[in-house]
Amino acid sequence: MTKFSELNISKSTQDSLKRMGFEEATPIQEGTVTFGMEGKDVIGQAQTGTGKTAAFGIPMIEKIDTSNPAVQALVIAPTRELAIQVSEEIYKIGYGKRARILSVFGGQEISRQIRALKNNPQIVVGTPGRILDHIKRKTLKLDGVQTLVLDEADEMLNMGFIEDINSILENVPAERQTLLFSATMPAPIRKIAETFMKNPEMVKIKSKEMTVENIEQFFVKSQEREKFDILSRLLNVQQPELAIVFGRTKRRVDELSHALNIRGYIAEGIHGDLTQAKRMSVLRQFKEGKVDILVATDVAARGLDISGVTHVYNFDIPQDPESYVHRIGRTGRAGKSGMAITFVTPREMGYLRIVEETTKKRMNPLQPPTSDEALLGQQKVAVETLAEAVQKNELNDYVQFATDLLGKYDATDLVAAALKHLTNEPDATPVSITEERPLPSRGGSGGGRGGYKGNRSGGNRSHGGGRGFSGGQRRSSGGSRDGRSSGGSRDGRSSGGSREGGNRDRSRGGRSER
DNA sequence: AAAAAAC
């Protein structure tokens, strides 16, 4: 391991890195920083969590001339969240040097961004569409760009941004340094590298380091309609500290987060149809631990660096194997272990094997917990909750009631009753998730084998706001300050220890049954 | 077929 102090980095940036707690360079950083500061083009093959942002951020910051008002570096990222995250990290790296940085992305008032661009940022991070928009409005001039970064290039390819990238590149001087990062290197990406880069150096993290070494991978074979109950039971038994549940569609994410709320979990959904403000607030709440479970489409699969995610549940198996790798890469980060559990319907078993071939790792079958095991998990939580309440010693308001009760009932019975009250019977609240991809066997007799794509066109959308459930109040949606039930005393999370001591701030409220 | 991304 090389220390940053051994690399030829300026004092001000060294100070920034120290402030960030960075001492040793990760493999991708070591290679990229060295080549990058020599002015070479670099292809970095690595995923997030490997320290990729600092890998290109350090040489980028080093090259910035703070007395020059022009935009000197441009970073293009596939999603808004990633653009925000990257700009925040580069801001920290450039703090010692006082480099000015701005992120531009869709969904945010463009007038605000135009005003900010007039302050002459030296680094701009953004998503393709909005960058192009600014170029066309002539509010973003790129003639002074010396460093160009394409982050998550394979993802930008998947999303069809290549034309946008080409258009942006037409506005960037040919005389520049280009850094390209991509988790995978499919042919089109190699072609882009050949076209737009000059004798690039490859910095590749060996594949065995690149994926999933410290992620335990399981699959649960289950019918579509069993999935949600199994998920609830798994959550009760495994008690993840922070979990992400991936769903296949935006609608499914809405339904899942709603259903989880009904069952008493603190969950919030995130997908591309939410306003940008909402997306940001949900992500922030999850990072702060005010939300335990993030339910997400693949908008959150890539790049997002959220520390402390202990479990990833693929409620739906992802559409392509690469997406699988990205999704489970949200856990098991920074050397910590993580667990990934993928739901597979019987007909998807063959596809599961294809995913395994890609990751070169077998997934172990996981027996879904029984209802009793799930109950046991709940009971353990209830015991912890009660014990914690006693330790906190903020019970004055209840002492009189307690004394009265003790006069009438047996003490053991009373404690047992309190525990029972704190326990959600697993599966007790009936909740249904719309099956988006009905199995051919149940879609009607005509279906037979070929009925895989049996989505009746336009049909099945009868739900208004109800989303196909009955009962249960929805956590106020909209607004940016919702979901704060139960002030999270979740400190110590950053230290990462498994939280044996309980303090699960999962609200047991909303027991509409009973 | 879905998701993401510009208005």
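Order of the sequence lines fixes the chain letters, A, B, ..., with proteins taken first and strands second; residue numbering starts at 1 for each chain.
Protein atom CZ of A:Arg252 is 12 Å distant from nucleotide atom C1' of B:dA2, rounded to whole Å. The separation between A:Arg80 atom CZ and B:dA3 atom P is 15 Å, rounded to whole Å. Between the CG atom of A:Asp273 and the C1' atom of B:dA3 there is a distance of 10 Å, rounded to whole Å. Between the CG atom of A:Asp151 and the P atom of B:dA4 there is a distance of 18 Å, given to the nearest Å. Distance CZ (A:Arg251) to P (B:dA1): 16 Å, rounded to an integer number of Å. Regarding A:Asp298, its CG atom lies at a distance of 14 Å from the P atom of B:dA2, rounded to whole Å. Rounded to whole Å, atom C1' of B:dA4 lies 12 Å from atom CD of A:Gln276. If you take CD of A:Gln108 and P of B:dA5, they are 13 Å apart, rounded to a whole angstrom.
Checking B:dA3, B:dA5, B:dA6 against every side-chain atom of A:Thr249, the shortest atom distance belongs to B:dA3. The A:Glu81 side chain lies nearest to B:dA5 when the options are B:dA5, B:dA6, B:dA1. Checked against B:dA6, B:dA3, B:dA4, the side chain of A:Thr79 finds its nearest nucleotide in B:dA4.
Under 4.0 angstrom from either OP1 or OP2 of B:dA6 there lies no side-chain N or O belonging to A:Lys136. Between A:Thr127 and B:dA4 there is no side-chain N or O to OP1 or OP2 distance below 4.0 Å.
Here A:Tyr91 pairs with A:Tyr95 under the ring pair (Phe, Tyr, Trp, His ring centres under 6.0 Å) rule; sequence neighbours left out. Listed by chain and number, the residues in a ring pair (Phe, Tyr, Trp, His ring centres under 6.0 Å) with A:Phe315 are A:Phe343 (sequence neighbours excluded).
Of the candidates A:Arg252, A:Arg251, A:Arg248, A:Asp316 forms a salt bridge (Lys or Arg N to Asp or Glu O under 4.0 Å) with just one, namely A:Arg252.
Using a 4.0 Å heavy-atom criterion, one finds that A:Arg279 contacts the sugar-phosphate atoms exclusively. At the heavy-atom level, A:Gly107 lies under 4.0 Å from the strands shown only through sugar-phosphate atoms.
Using a 4.0 Å cut-off between charged nitrogen and carboxylate oxygen, A:Arg233 and A:Asp229 do not count as a salt-bridge pair. For A:Glu89 and A:Lys52, the salt-bridge test fails: no basic side-chain N is under 4.0 Å from an acidic carboxylate O.
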